Amino acid sequence: MTGSAGNLLDRRWPEEGVHRVPYWAYTDEAVFRREMERVFCGRGWAYVGLACEIPEPGDFRQSAIGDRPVVMTRDLEGGINVVMNRCAHRGVKFCRARRGNARRFVCPYHQWAYDLKGNLKAVPFARGVKRQGGMPEDFRNEDHGLERLRVTERNGVVFATFSDEVEPFEEYLGPMLAWFDRVFDGRGLTVLGYSRQLIPSNWKLMFENIKDPYHASLLHVFLVTFGLFRADNPSKVRLDATGRHAVLVSSKGEQRKSDATKDMENLREDFKLKDPRLLDPVREYREGTVAMLTLWPNLIVQQQSNTLAMRHLIPRSADAFELAWTFFGYDTDDAAMTTRRLRQANLMGPAGFVSVDDSEVMKLSQDGVRPSPDAAGVLEMGGREADDQDHIVTESTIRGFYRHYRDVMGF
Amino acid sequence: MTGSAGNLLDRRWPEEGVHRVPYWAYTDEAVFRREMERVFCGRGWAYVGLACEIPEPGDFRQSAIGDRPVVMTRDLEGGINVVMNRCAHRGVKFCRARRGNARRFVCPYHQWAYDLKGNLKAVPFARGVKRQGGMPEDFRNEDHGLERLRVTERNGVVFATFSDEVEPFEEYLGPMLAWFDRVFDGRGLTVLGYSRQLIPSNWKLMFENIKDPYHASLLHVFLVTFGLFRADNPSKVRLDATGRHAVLVSSKGEQRKSDATKDMENLREDFKLKDPRLLDPVREYREGTVAMLTLWPNLIVQQQSNTLAMRHLIPRSADAFELAWTFFGYDTDDAAMTTRRLRQANLMGPAGFVSVDDSEVMKLSQDGVRPSPDAAGVLEMGGREADDQDHIVTESTIRGFYRHYRDVMGF
Amino acid sequence: MTGSAGNLLDRRWPEEGVHRVPYWAYTDEAVFRREMERVFCGRGWAYVGLACEIPEPGDFRQSAIGDRPVVMTRDLEGGINVVMNRCAHRGVKFCRARRGNARRFVCPYHQWAYDLKGNLKAVPFARGVKRQGGMPEDFRNEDHGLERLRVTERNGVVFATFSDEVEPFEEYLGPMLAWFDRVFDGRGLTVLGYSRQLIPSNWKLMFENIKDPYHASLLHVFLVTFGLFRADNPSKVRLDATGRHAVLVSSKGEQRKSDATKDMENLREDFKLKDPRLLDPVREYREGTVAMLTLWPNLIVQQQSNTLAMRHLIPRSADAFELAWTFFGYDTDDAAMTTRRLRQANLMGPAGFVSVDDSEVMKLSQDGVRPSPDAAGVLEMGGREADDQDHIVTESTIRGFYRHYRDVMGF
Amino acid sequence: MTVPVELRLEIQDLMAEYCHLLDDGDLCAWPALFTEDCFYQVIPRENHDQGLPLATIRCESRGMLEDRVMAVRDTAMYEPRYLRHVQGAVRMLGAEDGVVRAESGYAVFETLPDEHSRVFNVGRYLDEIVRDGGRLRFRRRICVFDSELIPNTLVYPI
Amino acid sequence: MTVPVELRLEIQDLMAEYCHLLDDGDLCAWPALFTEDCFYQVIPRENHDQGLPLATIRCESRGMLEDRVMAVRDTAMYEPRYLRHVQGAVRMLGAEDGVVRAESGYAVFETLPDEHSRVFNVGRYLDEIVRDGGRLRFRRRICVFDSELIPNTLVYPI
Amino acid sequence: MTVPVELRLEIQDLMAEYCHLLDDGDLCAWPALFTEDCFYQVIPRENHDQGLPLATIRCESRGMLEDRVMAVRDTAMYEPRYLRHVQGAVRMLGAEDGVVRAESGYAVFETLPDEHSRVFNVGRYLDEIVRDGGRLRFRRRICVFDSELIPNTLVYPI
Ligand code: FES
Ligand code: FES
Ligand code: FES
Ligand SMILES: [Fe+3]
Ligand SMILES: [Fe+3]
Ligand SMILES: [Fe+3]
């Protein structure tokens, strides 16, 4: 723990435990700074990108872990590397293009040159000019490479960590690995496009939102109306042992009222699409028509009908985070499937019929909690534990998240 | 005192006393946070709105006390309620419309439903779905209502408080009650319209400005030129016992130079209106043609000739506050009087011939004090006490304000 | 040391010394506040403006030292004064026009009037109105003047200080005085115009940039291509005894490859101007075709070929500073020389072919260091000392700057 | 729409002149763009939509425009600033009895000393334009603004 | 360019109407500005420039426009807001076979409750306009936006 | 004003083309919108109003425009960015001896990677336009900008 973030946290979690979340956790910048160190750059595998984004040697792509900019590169041997986007000389964020192909990285300021693995290869004028100046005799390039992260790739998805201690990725995912492999089954991936939004709320509210199956059948009138998600559909939530990861799985129902929908006031039976091509889902996986996987510390894998997307959380401050969407398909998709994915993308992203609701509610949450740091949220749906449940009338996975969060943060 | 604002205030007030105001009081965010707790949400009746804005059962209107959003509602029995705009579940600022009519409030996130008094009436899926999930057995709706404030109404004006201890409103106003009743005499009120501005200065500068009769005959060339306010007009200032409230009363003079105007350089005798309908005041009250009443912690009642307005102070940060104007008249006004009020409104608000000067000077004040937290303002006009005075060559009421402020803030 | 900036700085400089610069020095607002007090308003002569900007009695011009606004005035006796732009009454930044001519300053709020030296000359209604109110008997105008700074002028350049202890300007400059006098040789100066930019980086990065001759032949392809600056040109750096001031001097070379340019990858031999009038330099000084003089705490004197400019650093926050350029010539310039200066100005300022590179790289530096407060820059080019060197393959002057900085800041 | 090309261009000229007079700070020339009996109003969208009459600026004649100009120039205290109007496409609503009705969106940018330019006020103009004394003039111009939370002060007309 | 004056003005009218319908919140009337078989897309410049097909909004027919209008009006949850379009000069790219191609820059400003107006989305329209059922309509309108980091949500069409 | 309708539209086309070339990053085509002996200047309003000659960008010929394009493309180092011009109504100031004089307000928005779009530069164009080599070109374009405190750098022309 560095001095910068260590001294100000005499914050105390409510005595009740993980079924309460104090509102200062969403607004205190000192908490945020500690999160950057412990949650995002601590013991955990953070999402960086897809391997298919850098198919060729020399390909690179900017990304971020927490508030730290990184670059994901494909080296000349075909390996994937992740390095901090910060020159070892005097700190310049040297990589400016969002993506590209290069043999090496040259920092614009003094042209220190790094290879694709981050090794410092050249320092201009290191031996001086006309025998004058230059670096000290004992200066060794090996000591001044870019900060490199440990990297792992599984079925086309790239993760990295600042930690030397974190367990291997497969172990790290625990029981979530099967859910991960459900979407990333080894087929090649194809990026369909990107979407980015800056959501004016704390990043944890995004995880709460996706881990929270309770809201979906209430907030999302569009989903409910078209039976894409309903409380009475067969559904379940699963957590790993720590609570940091979770998955929510459900199967599409029908567009009609049922006994169990009496609490779902917003159901609109009369709603019909004028152009039904908008929503023409085809079943792709054995279990579930929707599965939302949340992986500590910064990733949501979204599979809702035929829209597949990585949602990458990039916190900016206690009050705001960037949500970076990468929509993708499989290289086995035919044109009809690609078009289907593109059409269904109308439900997701910053203009999505479903996800607009979530983004807006997150802003309203932040606006609600901001002036009341000493109040707390109440998470008692489905009990007060953080266990697997075979329905979605529960906040169990949120409690699981905060159980791990408290451990990591020392609250 | 919560931990959040408690630890950083080793600020010390200048030894001289209330005739000095240290500039850190306008710029320090830790001071600001303590103000939100102690000044705005402490022992005091804060302005919320006018009863005529919510005439019918189910009517509601958003408002704010300090940085906290609240909703003012008319319940089905006709009573007025003020509740925090923060869902008891997980903090969502549930009320989005600025005003409206509703039977109950339904939070968008999980549709927890509250009645107009803030009682939690329904939690969807509280008993689960198909016998699965739901809230714990011991969860009681009664424990999870909205945070409700104590409310008082006097002659159509609504105040609320977070405090259990504050005295009744009439007692709270003390000698200011008569001045309050002068404008709010029991006649019905009619809202003419709203105006809102974000003033880039500390909120206390607004109170200083209105409590400061000294500036009016110097800064406001328009006022002076048309004799609406002059140092040589019959005038007085009055405070309550604590100093927190005050009134400044004056009577219109004439548009000419006098012996006592030698210090008023800006007087423009030659200035004539091309369309005199702009300024055609009619006397409405026995005493004074202008009376500015400042009520702790967040209200200015403005009566300047025939413009009547509530000026509601909504602090945003140490550096900025929203000034929300509600212009009104009486239900006894005829069309000519309404038109008169609308015309005279050209003097007030964000484009007002008079109030532009004040808003601009407040910005200049903030710009002046910001880099000099350790310097202090000098308030010695009219002596160094905070007493009633029968003239306006004084800063007495500002000193009164800071006497109370220091008490409340513990400086 | 006031309480405001004193308590939070348990920051520790890296053990290595001045050849490391910790990244918290660029981002910590508490460091910034201490800089305002100790660096900008401490023992040092800060640049304010040019005497030729206020030629006539009554002329004034707004300026700033650190984050404090000041006004530079020419009094009726022809003397130059610098006063804080903060009314002694209640802190208003009274002077609003960027420049002008006035007999005295009248604060808009209550019309306290000051002479051009900052003496309080009049307080309206000081003796009350009709024998009522007014200032206390013992109030003396002499105690309430504007805060005045000590002022010095040398050859048309005006400096001021808040310090009573700082040595006379000539002594303060030490060996840099000759370099100062090289440009300011007593000839009259003519302002050609102003340019202003807000650079989203810490102000120290600007000093580092100009003190850093190492980067110029690498970053600035335009400079290199036209031989205006190259590592193999005859060059040198000089510091004063403290390290706070420095100069970098170099002479124009030719536009061709040489043995020593093998590390300068960006050299573009083929680049030719379509309109060569853009760059038609004429030699003006005996030594050097370019000399960049950096004077603690807030000035860069730029002489690059025939563009002469004061670059005035006005910090806004840890993350941003204003760079205010005053381009000037001599009153001996003929029309051709003036046109030459105006054309060469295409290289400098916010759209300059050269200075765009620097502004952009400073932003990239700030973006790079922001998330890594505990990392540090490595300044070992040309050794680890801060000494004069007869070449430009060195970061010596930056190390000198930080040697003094650490002294002043107590790190 | 039956507005002939030449008239449309003339209307465009009137609107361009309006923007430029205000942006150049040539306030004194501005009232002449209105008829003697004009009605000019700057009103928050909230009040306009709810039928509340209160306006931020309300001028019931060219005389009141001139009074406002005089007040702004000679009596008001404010920091110097630049305004910049950028008006969008004009939507012609009709031409009857010598009155052309039109509406158009606008954005006004404000630049304060030592600050970046910022979005100051956006909204739409609702206009009635007539030929009067040999040129087009506004008989009625209502500026309904979206930017209800005004950044400090609205010194100049919109 | 061979686009006659009258047609240019009619195109301008279409574009002005487009802006005003959206800014007045008159969403229901908006689909009628498109042909039945229209293609409407709001796409980040990044995707457009790289040839990536994913759009933020993708409508392949007037029916899909209407579905979106219904979704926005009847199912979506969002804070109330004002939008304001200011469109720049139209650049005519050609008129062939009854199709006029044009492009134009635009800026959309958003005003949320209790906040200042802000730059929300800037970019350019790429249009194909045809005469259909007695009036001009968009057969194709692609909004390529620069503002890739969307401020929270893009509720209404651009 | 005696500027015929067709000429006005042609001027509008020139201005639209100008905006679009810059916004598409098609810098190389931009100098061709000027005459050989053109004068192009981007100058802070402060300098312009005080008669101070210093400009932020000063080009005294089409050659200098081309030199600047080459410098921006081949020698300068900067972060990638998008610009977007939205120009307001054009005010015709006169047409004499084959030279049309006009002025117009503009707003330029900048979008940096990972940031929201922002107001970058607002001001007005002061133009002299001539027919040259079969098309209209700028003989003189002065951009007087309000946004004196430039947000970091002004890489591209305004
Ligand atoms: S900062 Fe990267 S090479 Fe110097
Ligand atoms: S947050 Fe309001 S119902 Fe859940
Ligand atoms: S604040 Fe300057 S005279 Fe009162
Ligand atoms: Fe959701
Ligand atoms: Fe006042
Ligand atoms: Fe440089």
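Just so you know, these numbers use all the heavy atoms, side chains as well, and skip hydrogens, waters and symmetry mates. Here the structure is a predicted model, which is why all the values come from computation and not from measurement. Below, chain A is the first sequence line, B the second, and so on; all start at residue 1.
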Problem - Axial cation check for B:Tyr23 ring with C:Arg86, 6.0 Å and 45° limits - result: no
Exercise for the section: Check whether the side chains of C:Lys117 and C:Asn119 place a donor and an acceptor atom closer than 3.5 Å, and report yes or no. Expected result: no
Problem - With C:His89, the side-chain hydrogen bond (donor to acceptor under 3.5 Å, both in side chains) member among C:Gln111, C:His144, C:His110 - result: C:His110
Problem - Proximity breakdown for C:Ala122 and chain B, heavy-atom pairs closer than 4.5 Å - result: neither
Practice task
Select, from B:Asp358, B:Asp357, B:Leu205, B:Asp390, the one with the greatest count of heavy-atom pairs under 4.5 Å involving chain C.
Solution key: B:Asp390
Exercise for the section: Answer with side chain, backbone, both or neither: which region of B:Arg370 has an atom nearer than 4.5 Å to a non-hydrogen atom of chain C? Expected result: neither
Exercise for the section: Before accepting this row, confirm whether a basic side-chain N of the pair C:Arg96/B:Glu360 lies closer than 4.0 Å to the acidic partner's carboxylate O. Expected result: no
Problem - chain C interface, residue from B:Glu208, B:Gln389, B:Arg12 that has the most non-hydrogen pairs under 4.5 Å - result: B:Glu208
Exercise for the section: Answer with side chain, backbone, both or neither: which region of C:Met36 has an atom nearer than 4.5 Å to a non-hydrogen atom of chain B? Expected result: neither
Fill in the blank from the handout: So, the part of B:Ala216 with a heavy atom under 4.5 Å from chain C: the answer is neither
Exercise for the section: Could you tell me which portion of C:Cys107 (side chain, backbone, both or neither) has an atom closer than 4.5 angstrom to a non-hydrogen atom of chain B? Expected result: neither
Problem - Flag for B:Gln366-B:Asn202: side-chain donor and acceptor within less than 3.5 Å - result: no
Exercise for the section: May I ask you to say whether B:Arg384 pairs ionically with C:Asp138, meaning some side-chain N is under 4.0 Å from a carboxylate O? Expected result: yes
